[in-house]
Number of protein chains: 2
Amino acid sequence: MSNPDPPTDSSNFALGQLRALLDQSSSEGEQRLPPERELAARIGIGRRALRRALEVLEAEGRIWRHQGKGTFLGPRPAQTPTNLEELAKRTHPLEVMDVRLEIEPALARLAAMRATNGDIERLLHLAEKTASSSDADGRELWDSALHRTIAEAAGNSLLLAIFDMIDRIRQDATWRLLRERARSGERQQIYVEQHRRVIAAIAQREAHAAEQAMREHLEFVREGLLKVMTRPLPDHVDGHLPEALVTHSKDRIRHGT
Amino acid sequence: MSNPDPPTDSSNFALGQLRALLDQSSSEGEQRLPPERELAARIGIGRRALRRALEVLEAEGRIWRHQGKGTFLGPRPAQTPTNLEELAKRTHPLEVMDVRLEIEPALARLAAMRATNGDIERLLHLAEKTASSSDADGRELWDSALHRTIAEAAGNSLLLAIFDMIDRIRQDATWRLLRERARSGERQQIYVEQHRRVIAAIAQREAHAAEQAMREHLEFVREGLLKVMTRPLPDHVDGHLPEALVTHSKDRIRHGT
DNA sequence: ACCCGAACCAATTTGCAACTGGTCCAGCGA
DNA sequence: TCGCTGGACCAGTTGCAAATTGGTTCGGGT
């Protein structure tokens with residue numbers, strides 16, 4: 001394989017000059033390098049030669065550049081989509097389940113240790129409601145409220161914010177139908193029983209039992225999700241997929257470096 | 001207790017006019033009301049009287065207002081806790097450490113299972129850099145890059161986003177000084193050694209060891225944080241708090257939207 | 001070949017103007 | 001005295017144009 005833009009005499013000279021400048025700048029606390037045009041003029045070479053040298057330094061991880069921003073020292077800072085919609089585009093149900101399996105057992109454990117009596121009262125109340133609701137929308141609502149109350153009872157506002165973030169992604173319209181199919185029939189009854197066990201453990205302040213019960217519940221949920229996603233479509237379902245399920249896969253973007 | 005700004009004749013007249021306008025607007029699908037100045041002129045009263053009427057409607061939940069934006073129909077939209085600034089105000093370093101203790105061991109475990117060889121290469125490279133950097137800012141940068149690379153290697157974009165969220169809160173200017181004090185001296189060397197152990201476990205694909213090593217590292221970090229926050233200031237430190245801890249909290253305005 | 005200068009493209013930042021709600025004040029009138 | 005108005009000013013938001021910067025292409029010179 002051939003390098004489309006190999007180092008040259010002028011670039012190598014620039015490399016030396018730049019390394020010196022980098023050392024000087026970092027010792028002065030400077031985070032930003034001058035613009036390319038200025039740098040090229042200062043060193044006395046053309047911009048193209050300078051850019052070849054900068055590419056080397058960037059590959060080494062000593063600098064990072066971005067169009068319109070500038071050239072900076074150190075490793076490239078992390079870019080995070082704080083936007084929920086963007087985030088929802090880059091993830092998928094199984095990823096979300098993996099995250100829930102990490103977060104919610106911990107929330108249940110913390111809730112067992114730190115829930116107020118008022119929290120526990122609300123949880124017991126919710127457990128009844130969940131069991132008695134009949135329609136799918138109602139189940140969704142009570143289920144969501146139950147999990148969120150546990151997250152509140154854990155008494156960590158940051159974890160609660162994280163839970164909310166995950167929950168919002170879960171609420172995505174595209175995924176609702178999926179969950180509805182996954183919890184139909186006798187599975188719903190098992191859900192109710194598992195919820196009861198989690199709440200009982202929290203009420204009795206058994207942290208480990210609460211964590212374990214929540215983990216088992218979520219693993220059961222994940223299993224149901226897998227079954228629904230892998231089984232063939234039943235006959236009465238229309239042949240073509242909804243557009244939302246088809247188009248979303250192509251605008252997936254890279255997030256590594 | 002007395003209302004500082006009770007309704008008056010003019011305001012009561014405006015209230016009736018406004019309720020009519022609200023009904024009309026909502027039926028037309030209009031979400032936004034005209035600016036106060038225009039509204040006052042149209043109804044034929046002063047702005048002060050109009051604002052009293054608007055306050056009533058706002059208290060009733062029929063409208064909501066925001067400086068610079070305007071006046072809108074319906075209930076005030078839920079303020080998203082995804083806002084990093086607001087989130088940073090509602091949490092504190094110990095909460096963040098609790099969350100890191102839940103998330104990052106899981107990330108290390110996943111990384112041990114799913115890291116590519118390229119990931120491991122980068123981790124080894126970063127470990128050297130962290131050990132060799134001398135100044136505090138440099139340590140912060142490389143340390144942050146190390147933890148993030150582990151998060152990337154875990155191969156779950158949602159968990160990565162959560163990690164980034166926590167990391168940004170950690171980067172808050174107010175807390176930097178705290179961490180700097182907590183890692184000075186021989187603790188830094190222990191950090192380096194613990195990092196090495198985590199990376200070694202990941203490189204050897206020992207999931208449980210990686211999780212445990214990361215947990216131990218973070219518990220050590222938390223312990224250092226506690227020590228710094230509870231111990232009295234040493235003699236050579238000036239009596240008054242550094243300005244960064246006092247002033248920075250109020251002039252935090254825009255980072256991005 | 002190699003390099004330079006110039007020009008252009010694209011992403012970002014910055015500064016400014018306009019607009020909006022929030023607040024205060026002097027003055028008018030019942 | 002009290003309520004109200006109009007005006008002025010402050011503060012937060014939005015939109016836009018200009019300036020800045022890295023990314024790219026092209027022609028000409030050495």
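Computed from heavy atoms alone, side chains included, the values below leave out hydrogens, waters and symmetry copies. Labels below follow one simple rule: chain letters A, B, ... track the order of the sequence lines, proteins then strands, and each chain is numbered from 1.
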Could you state the atom-to-atom distance from [atom1] of [X] to [atom2] of [N] in whole Å?
X: B:R51; N: D:dG7; atom1: CZ; atom2: C1'; result: 15 Å
X: A:I63; N: D:dT21; atom1: CD1; atom2: C1'; result: 14 Å
X: B:L50; N: C:dT23; atom1: CG; atom2: C1'; result: 15 Å
X: B:E38; N: D:dG6; atom1: CD; atom2: P; result: 15 Å
X: A:Q67; N: C:dC9; atom1: CD; atom2: P; result: 13 Å
X: A:E36; N: C:dA10; atom1: CD; atom2: C1'; result: 14 Å
X: B:R48; N: D:dA8; atom1: CZ; atom2: C1'; result: 15 Å
X: A:L33; N: D:dT20; atom1: CG; atom2: P; result: 18 Å

[X] side-chain N/O to [N] phosphate OP1/OP2 under 4.0 Å:
X: A:H66; N: C:dT12; result: yes
X: B:T71; N: C:dT20; result: no
X: B:R52; N: D:dC4; result: yes

B:R179 side-chain N/O to B:R170 backbone N/O, donor-acceptor pair under 3.5 Å: yes
Given [options], identify the nucleotide with an atom nearest to the side chain of [X].
X: B:R37; options: C:dG21, D:dG23, D:dT5; value: C:dG21
X: B:R47; options: C:dT20, C:dG22, C:dC4; value: C:dG22
X: B:R65; options: D:dG22, C:dT12, C:dG22; value: C:dG22
X: B:K69; options: D:dT13, D:dT21, C:dG22; value: D:dT13

Aromatic ring pairing B:H195/B:H217, orientation class (parallel under 30°, perpendicular over 60°, tilted between): perpendicular
Rounded distance (nearest 0.5 Å) linking atom NE2 of A:H147 with atom CZ of A:F163: 7.0 Å
Comparing A:G68 and A:R32 on DNA chain C - which has the more 5′ nearest nucleotide: A:G68
Lys/Arg-Asp/Glu bridge criterion (N-O < 4.0 Å) met for B:D167, B:R100: no
For B:E95 against A:G155, the heavy-atom pair lying closest together: OE2-O, 4.0 Å
